[in-house]
Amino acid sequence: FGANISGNFTAYMLVNTPADLQNIKNNLNGTNDSEATFAYALGKDINASGIEFSFAPIGSLSSGFATLLEGQGHTISNLSISSSASLVGLFGYIGSNGTVQNLKFQNVTAANEDGFQTIGLLAGQNDGQISNIATLTGSSNSVDGNTPSGITAGGLVGLNTGTITNANVKVGVTVGDGGTDGNWNYAGGLVGINTGTITGSSAMGAVTGGSNGFIGGLVGQNGNTRQSGGSGAIGSSSASGIVSLTDNAQGSSVGGLVGYIAVGASVTGSSASGTVSGGDFTGGLAGQNLGAITFSSATGDVSAGTGGVVGGLVGQNGVNRGGLVGLNSLGSVTQSYATGAVIGSGNVQLGGLVGLNDAGATIASSYAIGSVTGTNLVAGNGAQSDIAAVGGFAGRNNGTITNSYATGNVSVAGTGSNFGDFAGGGFVGVNNTTGIIQGLGQFVYSTGSVTGGSQSVAGGFAGLNKGSISFAYASGNTHV
């Protein structure tokens, strides 16, 4: 070799055994005796089967991982991680200067031992950079939040405030019933709560939750309510796993991609294809949207138990609550669609695209083509403001919908004591006084048939209209 070699070089410490992997926790910054820095690199696949020590998460909130782990495409297999620490995963905490990349998992599990824990296969919390992470095809990987409340669980990361790019994992994620007043449970096939950025990633595992939770095929909650980090952005990502709740679960928001999209958060160019069931707010893509959804889709079937707000794409879009401390979020959906069948019962708000589009919220240039079926409907308190509402596009509209259409058939059936206890429409079940549905340069329309049962009101376009509808038409048959 020549005597003069120039350029930038990275010094690596090779990680070849489970013990080497565990020992990273003793040097989180990658510094040696001369204060020079180095990175870690897997020199080979690591099989943790039969290890004689209990693997502890690498790093904590007080001292996070702050250098590079280069996986070089190698696989970590047969590793079980269980801890009473607040952050649980291969890494407890990846700090803002930490990077993990080019790594695979096979038959790896992570589980909590207590309440108020944040859990992920790779990391409990990530403030750094994660890229090119995968699970091997045919492997069985899981994250188990068990029964306590206050759990945040993700297939890859519990809480992400950093960046995740090109992560494609199949991890089964389970949490139990959450509590109230901040003790909710969060579960996502990739991330439990995201206040950072997720791009070009996918989750394929089943996600299951209980009462008082935010449950999503990719992310449980996208955006910041009380966690650290930014507003939360998801782009060019997908979820295909089944998302469901345990029997009789209440107070939860469930979505094929995201359970709950917070104010200021966004989902762009993303999709969900798994079936979604259960929840007070249930959507093929998102259970509740208080942020912005653009160029996104849901193709899985959606169903709920008795009551609730259910939509092929979004359960509830926007929220408008008055009172001493009001909450007014103008959720938006633009150029997005849903194709799955939607079914619900009880005092439900049921729509092919959205169950409830609340006052101030907007939907533009979107469509729904799945059938919408309301069965065993009931009328709540019997007042018109509380009737069950079923529509090919929207169950109930209090906001603004423009340049959109629905083609699915709508069916309404239930047990009512008064005429008008249920409303079914080819486009919207109930368009309330603040509701605006209009075509801007093109018509808003519905083409599906509408079938109304006893004590129902049904219309080809709207079951009940108290707002404004313009430049709209319906071409489907209506039967009562």
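Since the model is a prediction, treat every value here as computed from it, not as a measurement.
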(request) Answer with yes or no whether the side chains of D127 and Y93 bring together a donor and an acceptor at under 3.5 Å. (result) yes
(message) Whether the side chain of S296 engages the backbone of S270 through a donor-acceptor N/O pair (distance < 3.5 Å, no angle test) should be reported.
(response) yes
(request) Specify the closest pair of heavy atoms between G346 and A388, including all atoms of both residues, with the distance to one decimal. (result) O-CB, 3.9 Å
(request) Scan side-chain atoms only and decide if S202 and N168 contain a donor-acceptor pair under the 3.5 Å cut-off. (result) yes
(message) Is there a side-chain contact between V457 and V480 in this structure, where contact means two heavy atoms from C-beta onward sitting under 4.5 Å apart?
(response) no
(request) State whether the number of non-hydrogen atoms from other residues, nucleotides or ligands found under 6.0 Å of F461 atom CZ is greater than 12. (result) yes
(request) With S201 as reference, evaluate V191, V219, I164, V169 under the side-chain contact (heavy atoms from CB on, under 4.5 Å) test and give the passing residue. (result) I164
(request) For residues T478 and G459, report the shortest heavy-atom separation together with the two atoms involved. (result) OG1-C, 3.9 Å
(request) Would you check if the side chain of S366 reaches a backbone N or O of S336 as a donor-acceptor pair within less than 3.5 Å? (result) yes
(message) Quick check: do L159 and N126 have side-chain heavy atoms less than 4.5 Å from each other?
(response) no
(request) To the nearest 0.5 Å, tell me how far I81 CD1 sits from F91 CZ. (result) 10.0 Å
(request) Decide if atom CG of L61 counts as having more than 12 heavy atoms of other residues, nucleotides or ligands within a radius under 6.0 Å. (result) yes
(request) Work out which heavy atom in A298 is nearest to a heavy atom in G284; give both atom names and the distance. (result) CB-C, 3.5 Å
(request) Taking N289 for its side chain and S332 for its backbone only, find out whether a donor-acceptor pair lies under 3.5 Å. (result) yes
(request) Sequence neighbours left out, what passes side-chain contact (heavy atoms from CB on, under 4.5 Å) with T165? Give chain and number order. (result) S131
(request) Could you please spell out the steps behind the side chain to side chain contact (heavy atoms under 4.5 Å, CB included) verdict for T362 and V333? (result) CA-CA 6 Å; T362 60; V333 176; over 6 Å; no
(request) Starting from the C-alpha separation in whole Å, work towards a yes-or-no answer on side chain to side chain contact (heavy atoms under 4.5 Å, CB included) for D144 and T109. (result) CA-CA 8 Å; D144 190 354; T109 63; over 6 Å; no
(message) So L90 and I76, do their side chains get closer than 4.5 Å, heavy atoms only?
(response) yes
(request) Return the minimal non-hydrogen interatomic distance between Q129 and T163, and the atom names on each side. (result) CG-OG1, 3.5 Å
(request) Could you check if a side-chain atom of V390 sits within less than 4.5 angstrom of a side-chain atom of L377, using non-hydrogen atoms only? (result) yes
(request) May I have the step-by-step check of side chain to side chain donor-acceptor pair (under 3.5 Å) for T402 and Q438, ending in yes or no? (result) CA-CA 5 Å; T402 58; Q438 61 182 341; over 6 Å; no
(message) Working to the nearest 0.5 angstrom, can you tell me the gap between I193 CD1 and N222 CG?
(response) 10.5 Å
(message) Tell me the closest heavy-atom pair linking G426 and V450, and the distance in Å.
(response) N-CG2, 3.3 Å
(message) Apply side chain to side chain contact (heavy atoms under 4.5 Å, CB included) to residues S237 and L218 and explain how you reach the verdict.
(response) CA-CA 8 Å; S237 296; L218 187 82; 4.0 Å; yes
(request) Indicate the ring-plane relationship of F471 and F443, choosing parallel, tilted or perpendicular according to the 30° and 60° boundaries. (result) tilted
(message) How close do V173 and G188 get, counting heavy atoms only, and between which atoms?
(response) CG2-O, 3.6 Å
(message) Looking at D177 and S211, would you say the former's side chain and the latter's main chain have a donor-acceptor pair under 3.5 Å?
(response) yes
(request) Quickly, which of Y473, F393, Y405, Y445 forms a ring-ring contact (aromatic ring centres under 6.0 Å, His included) with F427? Name it, please. (result) F393
(request) Show the numbers, then the answer: is there a side chain to side chain contact (heavy atoms under 4.5 Å, CB included) between L350 and V342? (result) CA-CA 7 Å; L350 195 67; V342 181; 3.5 Å; yes
(message) Donor-acceptor pair, distance only, cut-off 3.5 Å: does the side chain of T135 make one with the backbone of K170?
(response) yes
(request) Run the numbers on S139 and N107 for side chain to side chain donor-acceptor pair (under 3.5 Å), then give the verdict. (result) CA-CA 5 Å; S139 64; N107 303 330; 4.7 Å; no
(message) Quick check for you: to the nearest 0.5 Å, what is the distance between I261 atom CD1 and Q316 atom CD?
(response) 12.5 Å
(message) The criterion is side-chain contact (heavy atoms from CB on, under 4.5 Å); which residues satisfy it with S365, sequence neighbours excluded?
(response) Q335, N403
(request) Starting at CG of L257, measure out to CD1 of I234 and round the result to the nearest 0.5 Å. (result) 5.5 Å
(request) Would you check if there is a donor-acceptor pair between the side chains of T434 and N432 at a distance under 3.5 Å? (result) no
(request) Look at the rings of F214 and Y260 and say which category their plane angle falls in: under 30° parallel, 30 to 60° tilted, over 60° perpendicular. (result) perpendicular
(message) I need the N397 CG to N357 CG distance, nearest 0.5 Å.
(response) 5.0 Å
(request) Would you indicate whether the side-chain heavy atoms of T268 and S236 approach each other to under 4.5 Å? (result) no
(message) Exactly one of L121, I133, L156 should register a side-chain contact (heavy atoms from CB on, under 4.5 Å) with L190. Which one does?
(response) L156
(message) Quick check against the 3.5 Å criterion: does S252 have a side-chain atom that pairs as donor or acceptor with the backbone of N212?
(response) yes
(message) As an exercise, state the distance from CG of N185 to CZ of F116, rounded to the nearest 0.5 Å.
(response) 9.5 Å
(request) For the residue pair S253 and I215, establish whether any side-chain heavy-atom pair is separated by less than 4.5 Å. (result) no
(message) In the structure I gave you, are the side-chain heavy atoms of L245 and T208 within less than 4.5 Å of one another anywhere?
(response) no
(message) Looking at K466, is its backbone amide N or carbonyl O close enough to the side chain of N431 to form a donor-acceptor pair, meaning the two atoms are under 3.5 Å apart?
(response) no
(message) Do I198 and N160 have side chains that approach each other closer than 4.5 Å (heavy atoms only, starting at C-beta)?
(response) yes
